[in-house]
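Worksheet for the structure shown next.
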2 protein chains.
Amino acid sequence: MTSSTPARPPGRPRSGINDVVFAATLSTVHELGYARATVERIAAAAGIAKTTIYRRWPTKGALIVDCLLDAFGPVPLEGGSRAETMSAAIRWVAGKIGEPGVGDAFAGVFSDGVSDPELRAILSSRLQDPYRLALQDALGEPAHRVLFFIDVVVGTLLHRMGMTGRPMADDDIDALVEMVLPAFR
Amino acid sequence: MTSSTPARPPGRPRSGINDVVFAATLSTVHELGYARATVERIAAAAGIAKTTIYRRWPTKGALIVDCLLDAFGPVPLEGGSRAETMSAAIRWVAGKIGEPGVGDAFAGVFSDGVSDPELRAILSSRLQDPYRLALQDALGEPAHRVLFFIDVVVGTLLHRMGMTGRPMADDDIDALVEMVLPAFR
DNA sequence: CAAGTTTCGCTACCTTCGGTTTCGAAACCT
DNA sequence: AGGTTTCGAAACCGAAGGTAGCGAAACTTG
């Protein structure tokens with residue numbers, strides 16, 4: 001059973017700072033915006049060196065994606081009607097995007113991906129795919145329908161965030177839910 | 001009547017290169033992506049000096065916005081039923097975003113605006129507002145409803161473009177039209 | 001305790017890019 | 001010809017992503 005207790009590798013162990021870095025990332029992005037939240041500033045806010053960040057994440061984009069994965073966590077999909085499941089998912093992602101720093105970081109890394117195919121691949125495979133698969137399973141919809149659903153919901157929320165700098169208000173989220181549900185009845 | 005013939009100002013006149021610059025911008029963005037389409041490369045593609053561009057547009061973002069204004073032109077809103085008007089507007093913007101370079105440029109400048117309030121103001125006032133006002137007039141909807149309509153349509157199209165690198169396919173545009181229309185009946 | 005291994009912090013550095021400055025040459029009007 | 005403005009070219013600045021090198025710190029194993 002040596003493989004099940006994979007004896008800690010030699011050398012100095014990594015300090016458990018991922019959570020600190022994620023928190024520093026969100027707060028820095030929230031305070032300064034995505035572009036001014038440089039890796040150096042994030043490192044300073046986390047109380048570590050910039051090189052330590054680059055030792056763990058290959059690029060700023062990868063750091064942001066991991067940070068978003070940590071911030072979002074799993075999508076809540078407890079049983080209920082299809083309409084309830086979809087409504088809950090929409091309100092959940094809208095709430096997350098409204099949390100301080102999350103929406104800015106999301107919109108920022110999404111924007112960077114527009115002109116960076118490698119980042120786009122990371123974004124698609126690490127961030128979008130897990131939720132897409134969970135939704136396919138919960139809703140019994142084919143992949144392209146779920147991708148369309150994600151485009152509409154996330155696209156709308158990010159467009160509002162990007163144009164106004166603020167998350168979407170609750171009554172518009174209600175309108176979004178009421179518009180999307182009939183299309184997937 | 002001296003004011004109606006505003007005697008050309010003295011000095012060397014500006015050469016008529018705006019159209020050349022716009023074309024060079026779109027083709028460069030299309031070939032290299034938004035981030036790699038540097039002002040220097042755009043200028044080279046247009047056969048002019050970088051400083052000439054900065055003499056006419058204060059920032060890269062302002063150049064892109066003017067380029068997009070030129071590329072989009074006025075939204076076609078000839079009379080017809082509300083449904084026909086909205087459907088035509090959706091398909092028109094989807095087609096424009098699908099033109100080479102336009103979608104990339106739009107998504108890129110939108111992304112930059114996320115962390116640049118000044119650019120966001122330019123984007124909102126010069127690009128979004130004219131179309132919003134035209135739609136308010138044509139549809140008889142209040143501002144916040146038209147803004148929601150724009151968030152949904154443009155947000156969805158840009159999210160698809162940003163995640164896949166390609167414009168949305170026709171059948172998904174059909175689904176978008178069929179989802180949006182009942183919400184504005 | 002000593003050797004070996006890995007991570008950490010720090011500093012310096014490279015490259016790219018947006019944007020500015022400077023200057024001489026060209027184009028236009030009077 | 002003289003005045004005014006634009007153009008192209010080149011050098012330059014500052015910010016930011018990302019890298020390299022080094023000594024010190026933190027572990028494991030003998």
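Chain letters run A, B, ... following the sequence lines, proteins first, then strands; residues in each count from 1.
- A straight line from CH2 of W57(A) to P of dT19(D) spans 15 Å, rounded to a whole angstrom.
- Within a 6.0 Å radius of CZ in R36(A), no more than 12 heavy atoms belonging to other residues, nucleotides or ligands are found.
- A salt bridge links D174(A) to R91(A): at least one charged side-chain nitrogen sits closer than 4.0 Å to a carboxylate oxygen.
- Cation-pi geometry between K96(A) and F106(A) is not met: the NZ or CZ atom fails to fall both under 6.0 Å from the ring centre and inside 45° of the normal.
- In this structure, K60(B) does not pair ionically with D112(B), as no charged nitrogen and carboxylate oxygen lie closer than 4.0 Å.
- For dA16(D), the OP1/OP2 oxygens have a side-chain nitrogen or oxygen of R41(A) closer than 4.0 Å.
- Look at R126(A) and D66(A) and you find a salt bridge, because one of the NZ, NE, NH1 or NH2 atoms lies within 4.0 Å of a carboxylate O, short of that distance.
- Applying the side-chain hydrogen bond (donor to acceptor under 3.5 Å, both in side chains) test to D172(B) and every residue at least two apart in sequence or in another chain returns R160(B).
- Axis deviation across the helix from dC1(C)-dG30(D) to dT30(C)-dA1(D) amounts to 10°, comparing end segments of five pairs, rounded to 10 degrees.
- Look at CD on E40(A): it is 10 Å from C1' on dG17(D), rounded to the nearest Å.
- The existence of a salt bridge linking E141(A) and R132(A) is excluded, since no basic side-chain nitrogen approaches an acidic carboxylate oxygen closer than 4.0 Å.
- Taking the 5' to 3' direction, DNA chain C first and last meets chain A under 4.0 angstrom from a heavy atom at dT5(C) to dT11(C).
- T51(B) comes within 4.0 angstrom of a base, heavy atoms only.
- A cation-pi contact, defined as under 6.0 Å to the ring centre and within 45° of the axis, is absent between R82(B) and F184(B).
- Where K50(B) and P10(B) meet DNA chain D, the nucleotide closest to each residue was compared, and P10(B) sits on the side nearer the 5' end.
- Atoms CD1 (I17(A)) and C1' (dA26(D)) sit 14 Å apart, rounded to a whole Å.
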